[in-house]
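Please read the structure below before turning to the comments.
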Amino acid sequence: MPITPEEARRTAADAWIWGRPLLDNYRTMYAQAIDSDDPRYVGGFGRFRHYSEPFGPANWLPAPDGPFDLVVRLYGPEPSVLDGSWRLPPLTVAG
């Protein structure tokens with residue numbers, strides 16, 4: 001039984017929603033574990049490397065022109081966060 005164009009569109013949308021995270025994960029895995037010429041390469045599988053700084057402004061979503069609110073989510077915060085002595089480093093506008 002042939003599928004309708006609407007069913008094909010719905011299936012493609014579902015595939016994109018569920019497939020995109022897998023694709024992003026593969027890109028990260030390839031850079032860190034397979035491509036030894038990539039600066040993010042850490043030496044193959046089974047190794048972990050902590051990056052103290054983000055790779056660049058690509059880690060941020062585009063912000064609108066004008067005022068906006070910034071939300072910082074900290075997982076398993078250090079005691080300095082909990083006691084209020086930690087401060088967010090100054091933000092810089094990129095490009």
TODO: Report the residues that fulfil side-chain contact (heavy atoms from CB on, under 4.5 Å) with Glu6, sequence neighbours left out, ordered by chain and then residue number.
DONE: Thr4, Arg9, Arg10
- [ ] Just jot down the side-chain contact (heavy atoms from CB on, under 4.5 Å) partners of Ala12, sequence neighbours excluded, or say none.
- [x] none
Task: For Arg27, salt bridge (charged side-chain N to carboxylate O under 4.0 Å, His left out) partners two or more places apart - done: Asp24
TODO: Sequence neighbours left out, what passes salt bridge (charged side-chain N to carboxylate O under 4.0 Å, His left out) with Asp38? Give chain and number order.
DONE: Arg40
TODO: For Leu74, check side-chain contact (heavy atoms from CB on, under 4.5 Å) against everything at least two apart and list the hits.
DONE: Val72, Pro77, Val81, Trp86
TODO: Report the residues that fulfil side-chain hydrogen bond (donor to acceptor under 3.5 Å, both in side chains) with Asp83, sequence neighbours left out, ordered by chain and then residue number.
DONE: Ser85
Task: Leu88 vs Leu70 side-chain heavy atoms within contact, under 4.5 Å - done: yes
Open item on the list: Going by side-chain hydrogen bond (donor to acceptor under 3.5 Å, both in side chains), name the residues that satisfy it together with Ser80, two or more places apart in sequence or in a different chain.
Closed with: none
TODO: Quick one: which residue pairs count as a salt bridge (Lys or Arg N to Asp or Glu O under 4.0 Å) with a foot in residues 70-79, not counting sequence neighbours?
DONE: none
